[in-house]
Trainee: 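Pasting in a structure now, in structure tokens, and then I'll have a few things to ask.
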Number of protein chains: 2
Amino acid sequence: MSLLKSKILVVASDLFQTRGINSTGVDTIVAVAGTTKMTLYKYFRTKEELILEVLKQGHQDFQSWLNDQLNSNTKKPSEKLQKLFDFIEEWVTSPNFRGMGFIKASAEFPNEENPVHQLSSEQSRQFRQYISGLASEANIQDADGLALQLSLLFEGAVQAEQMKRGSGAMKYAKKAAKILIDGALAS
Amino acid sequence: MSLLKSKILVVASDLFQTRGINSTGVDTIVAVAGTTKMTLYKYFRTKEELILEVLKQGHQDFQSWLNDQLNSNTKKPSEKLQKLFDFIEEWVTSPNFRGMGFIKASAEFPNEENPVHQLSSEQSRQFRQYISGLASEANIQDADGLALQLSLLFEGAVQAEQMKRGSGAMKYAKKAAKILIDGALAS
DNA sequence: AAATCTATATACAGACCTGTATATATATAC
DNA sequence: GTATATATATACAGGTCTGTATATAGATTT
């Protein structure tokens, strides 16, 4: 990928998260990225396409990072599930944390017909499925059910942290997750 | 309150939820409400003031409804806590459900200095405090901790339902809530 | 050296946005 | 019947937005 294109993606991602998607104009994006609108519209046909690529990139980066962390730190499936929230807490409390892309995007584009909303919804589903995979490997009966519950805790905590930095919500989400996981492992 | 003013509030609330706040112009609001901009700006000095009043109204309506439901159906504090998610599920799965105002608003106005964001954050805190009150009455040790966990489940499930209607997320949130509540009551 | 590719600079069309100004209608109160 | 309060109708100023058109600069290739 072109250097300029990835620069635009990084800058747009940051601005979307800190100022909101609809409140961020392409003029602002190119100004911060140090380029011009002509270049932006060379790489992205429309602003919507830029939004979609920003979301894809963010989701892919997050999933890769999380997957790497889990695989390089533990091998036992049940441990992966337990460690999941440790890494998520690390991510959420890091100074670079700007929120979860698909959560904000779905709020700004509430219409279910909208492509941005649809992608957000799909990414949320994929994340849930990833957790469900971990639960399955750990031989949990209702893997989908536990995955949904854990993702609710996750999304709720991210939401809380987006609302108020340093809320400490993830600490309690972790405790709740442990109770739910232990319960599911026992049965 | 004037009939027109409350009509504007109702219409604005619906449009904000279904199309997004920033994507909804005052022209659209007055057209749907069957009035004119002059009248809107008589009752609300700016659009931001309208947004704030819509949020306040929505939060008050929800809290009143929830409180009435709880008080008219059960008296025992521990039961109230258990029934909480039953009523919330009823609310979320009702056809009129349009999402939780403060969740969407905080996403559209991510800047913590913004008055709309601040009000959203405050409403989220108030709701958590309300649950904490129920937990305290039920003699739960770490009432604030449990309240935070339950609110994470709540906000996560609302988020999930906003993303995809009929997700069934609240059903699993309820199960998780029961486990957490029972655990807290036992200790 | 000429051609081509990439990026810049700048201006602008057309749409939409908030908020206001002006003029008019309608209904109630005195 | 006149005054007052409330709502309508309409137009517009000034700003921002997306997306495009036009002209130019620098760099690489042939």
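Letters A, B, ... mirror the listed sequences (proteins, then strands); counts begin at 1.
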Trainee: Decide yes or no for A:Leu81 and A:Leu146: does some side-chain heavy atom of the first lie under 4.5 Å from some side-chain heavy atom of the second?
Mentor: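 With C-beta onward as the side chain, the pair touches.
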Trainee: Kindly write out the residues that satisfy side chain to side chain contact (heavy atoms under 4.5 Å, CB included) with B:Ser6, not counting sequence neighbours, or none if the list is empty.
Mentor: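 B:Ser6 satisfies side chain to side chain contact (heavy atoms under 4.5 Å, CB included) with B:Met1 only.
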Trainee: Identify the nucleotide, in any strand shown, that forms a Watson-Crick or G-U wobble pair with C:dC17, with both distances under 3.5 Å; if there is none, say none.
Mentor: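 When the pairing criteria are applied, D:dG14 turns out to be the nucleotide that pairs with C:dC17.
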Trainee: Below 4.0 angstrom from OP1 or OP2 of C:dT10, is there any side-chain N or O of A:Thr36?
Mentor: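 No, no such contact exists.
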Trainee: Identify, with sequence neighbours excluded, every residue that meets side-chain hydrogen bond (donor to acceptor under 3.5 Å, both in side chains) alongside A:Gln82.
Mentor: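 If we apply the side-chain hydrogen bond (donor to acceptor under 3.5 Å, both in side chains) test to A:Gln82, skipping adjacent residues, the hits are A:Asp182.
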Trainee: Could you give all pairs that pass the ring-ring contact (aromatic ring centres under 6.0 Å, His included) test and reach residues 123-145 of chain B, with sequence neighbours left out?
Mentor: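 Non-adjacent pairs meeting ring-ring contact (aromatic ring centres under 6.0 Å, His included): B:Phe62-B:Phe127, B:Phe127-B:Phe154.
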Trainee: Quick test of your reading of the model: are B:Glu49 and B:Arg45 salt-bridged, counting only N-O distances below 4.0 Å?
Mentor: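 Judged by the 4.0 Å cut-off on N to carboxylate O distance, B:Glu49 and B:Arg45 do form a salt bridge.
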Trainee: Could you check which residues of residues 6-28 of chain A get a heavy atom under 4.0 Å from DNA chain C? Sort them by number, please.
Mentor: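 Residues of residues 6-28 of chain A that come under 4.0 Å of DNA chain C do not exist, since none gets that close.
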Trainee: Tabulate protein N/O versus nucleotide N/O from nucleotides 20-28 of chain D, keeping only pairs under 3.5 Å, one per line.
Mentor:
none

Trainee: With sequence neighbours left out, what residues match B:Asp61 under side-chain hydrogen bond (donor to acceptor under 3.5 Å, both in side chains)?
Mentor: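 For B:Asp61 the side-chain hydrogen bond (donor to acceptor under 3.5 Å, both in side chains) partners, ignoring immediate neighbours, are B:Gln57.
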Trainee: Which atom pairs, donor and acceptor, lie under 3.5 Å between side-chain atoms of residues 133-143 of chain A and protein residues at least two apart or in another chain?
Mentor:
from     : atom 1 : to       : atom 2 : distance (Å)
A:Ser136 : OG     : A:Ser132 : O      : 3.3
A:Asp142 : OD1    : A:Gly145 : N      : 2.9

Trainee: How many Å lie between CG on B:Leu4 and P on D:dT6, as a whole number?
Mentor: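 It is 12 Å, rounded to the nearest whole Å.
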Trainee: Could you note down all residue pairs passing salt bridge (charged side-chain N to carboxylate O under 4.0 Å, His left out) where residues 5-31 of chain A supplies at least one of them, sequence neighbours left out?
Mentor: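 Qualifying pairs: A:Lys5-A:Glu53, A:Asp14-A:Arg98, A:Asp27-A:Lys37.
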Trainee: B:Gln17: what forms a side-chain hydrogen bond (donor to acceptor under 3.5 Å, both in side chains) with it, not counting sequence neighbours?
Mentor: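 Listed in chain order: B:Lys104.
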Trainee: Do any pairs count as a ring-ring contact (aromatic ring centres under 6.0 Å, His included) and have a residue in residues 12-46 of chain A, sequence neighbours left out, and if so which ones?
Mentor: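 As it turns out, there is no ring-ring contact (aromatic ring centres under 6.0 Å, His included) pair with a partner in residues 12-46 of chain A once direct neighbours are skipped.
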Trainee: Check the phosphate of D:dT8 against B:Thr35, side-chain N and O only, distance under 4.0 Å to OP1 or OP2. Yes or no?
Mentor: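 B:Thr35 to D:dT8 OP1/OP2: side-chain N or O found under 4.0 Å.
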Trainee: What residues in residues 112-119 of chain A put a non-hydrogen atom under 4.0 Å from any atom of DNA chain D?
Mentor: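 Close to the strand, none.
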Trainee: Just to verify, what does A:Ser106 make a side-chain hydrogen bond (donor to acceptor under 3.5 Å, both in side chains) with, not counting sequence neighbours?
Mentor: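 Counting only residues at least two positions away or on another chain, A:Ser106 forms a side-chain hydrogen bond (donor to acceptor under 3.5 Å, both in side chains) with B:Gln159.
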Trainee: Figure out the OH/C1' separation between B:Tyr43 and C:dG19, and round it to whole Å.
Mentor: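 Taking atom C1' of C:dG19 as the reference, OH of B:Tyr43 is at 18 Å.
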Trainee: Would you mind classifying the nucleic acid contact of A:Phe44 as base, sugar-phosphate or nothing, using non-hydrogen atoms under 4.0 angstrom?
Mentor: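 The residue A:Phe44 makes no contact with any strand.
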